[in-house]
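Just so you know, residue 1 is the first one in the sequence shown, and it goes up from there.
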Amino acid sequence: MFEPLFVEKAKTEHDKLAWRLTQILIQLNQGDCLDPETLAEDFGVHRRTIMRDFNERFAFLPLNRSAKGYSLDSAYLGRLSFRDLERFAALAGLNGLFPALTAEFLREIFDQRLQATMLIHGPRFESIADRESDFRRIKDAIVARQELQFTYKKTDGSKSVQVQPYKLINHDGIWYMAAVDQGQPKAYSLSRMLHLQNTTTSFIPDTTILEMLAKEDSIWLNRQKLEAVVQVSTTVSQYFERQAIFPCQVIEKTLADGGLLISGRFAHQRQLFPIVQQWIPYMRIISPLCWQEEMEERLRKYLS
């Protein structure tokens, strides 16, 4: 009998799907030959459902079929990390996250080189079905290490830029391109990029930028991060003890009343302000003090 690797079983139909696909991928990745009848019994679904998993959802995988069942081509065994397995399960079960979940596109994602072109943060997503060609152009430019040129639409106008593309990042459902513009790492929203074109200029990726992107959990890209210290009331301190709300969060001190002093590192004050405002009146910025004063001034203007 198959033993699930997740402690908690899925609660929704979508979660059940992602959970099943992930478990199947894990077994394929470790070299198991999977029998559809056995899988159907293990997961409590009809055999047709398992066959659909193999024939449709996993059509992008190099699978071998024999009398004993399905197995992964030996050349691909062990290439996927657990995080990759979860990602591919989500890809196979979510329509709309990528512009077109064709077998060809998923097969490209399975290629090790292309796994390095994108990051996915969060479960929600925007539809970019009409930007498929641009999405693919960016992906190809990242692999080819080729600079891109486009017009970027901003609230105060637009500007032409030429950048070195590093990653496609899905953060809270919005697609961004992480790139370097004149030596500075920046994130560009895909929906605001117009007239995207390839250039003949190539570049060598900066390893420090790649390391920064691997550690970064937001789209606020900046080499120089500023430290801020925030006081959190005992009323909500448990949430910050359970998980990191701030980037690079550190609990510096537990106060006598159960409150906390927490530090984090931010690319800009606008990255911190929305978090603090969300937790008002249970949070205030202690350092830099000017950030707290500026935020209070903005709130006064809003209330007036």
Taking the side chain as every heavy atom from C-beta outward, state whether [X] and [Y] have any atom pair closer than 4.5 Å.
X	Y	answer
Val230	Ile286	no
Gln146	Asn198	yes
Phe58	Leu21	yes
Lys167	Met177	no
Glu294	Gln269	yes
Ile262	Val229	no
Leu148	Ile138	yes
Pro165	Phe203	yes

[X] atom [atom1], neighbour heavy-atom count above 12 within 6.0 Å:
X	atom1	result
Arg145	CZ	no
Ile280	CD1	yes
Arg48	CZ	no

Check your understanding: When the aromatic ring centroids of Tyr152 and Tyr188 are compared, is their separation below 6.0 Å?
Key -> yes
Check your understanding: Are the aromatic rings of Phe240 and Tyr282 close, with centres under 6.0 Å apart?
Key -> no
Measuring from [X]:[atom1] to [Y]:[atom2], what's the distance to the nearest 0.5 Å?
X	Y	atom1	atom2	answer
Asp35	Lys68	CG	NZ	11.5 Å
Ser237	Gln231	OG	CD	11.5 Å
Gln184	Gln182	CD	CD	9.0 Å

Which atom of [X] lies closest to which atom of [Y], heavy atoms considered:
X	Y	answer
Phe273	Ile285	CE1-CD1, 3.9 Å
Asn29	Leu72	CA-CD2, 4.2 Å
Gly69	Pro36	CA-CD, 4.5 Å
Leu28	Ser71	CD2-CA, 4.0 Å
Gly183	Pro185	O-CD, 3.9 Å
Ala228	Leu272	CB-CD2, 3.8 Å

Tell me whether [X] shares a hydrophobic cluster with [Y], the cluster being built from Ile, Leu, Val, Met, Phe, Trp, Tyr side chains joined at under 4.5 Å.
X	Y	value
Met283	Tyr239	yes
Met295	Leu289	no
Leu34	Met51	yes
Trp279	Trp291	yes

Donor-acceptor pair, side chain of [X] and main chain of [Y], under 3.5 angstrom:
X	Y	value
Arg131	Met193	yes
Gln249	Ile245	yes
Thr199	Glu147	yes
Ser158	Lys154	no
Asp206	Thr208	yes

Check your understanding: Can you check salt bridge (Lys or Arg N to Asp or Glu O under 4.0 Å) on Arg284 and Glu296, steps first, answer last?
Key -> CA-CA 10 Å; Arg284 65 180 293 105; Glu296 289 179 0; 3.7 Å; yes
Exercise for review: Check the angle between the aromatic planes of Phe54 and Tyr70 and answer parallel, tilted or perpendicular using the 30° and 60° thresholds.
Suggested key: parallel
Check your understanding: Would you call the rings of Phe266 and Phe246 parallel, tilted or perpendicular if under 30° counts as parallel and over 60° as perpendicular?
Key -> perpendicular
**Study point:** Ion pair Glu132/Arg137, N-O distance below 4.0 Å
**Key:** no
Check your understanding: Is any side-chain N of the basic residue among Asp53 and Arg20 closer than 4.0 Å to the acidic one's carboxylate O?
Key -> yes
Exercise for review: Take Tyr166 and Ile209, measure what side-chain contact (heavy atoms from CB on, under 4.5 Å) needs, and give me the verdict at the end.
Suggested key: CA-CA 8 Å; Tyr166 273 71; Ile209 297 292; 3.6 Å; yes
Check your understanding: Is the closest side-chain donor-acceptor distance between Ser263 and Glu252 under 3.5 Å?
Key -> yes
Exercise for review: Give the C-alpha distance, both sets of side-chain angles, the deciding distance and a yes or no for side-chain contact (heavy atoms from CB on, under 4.5 Å) between Leu261 and Leu255.
Suggested key: CA-CA 7 Å; Leu261 288 182; Leu255 304 176; 4.0 Å; yes
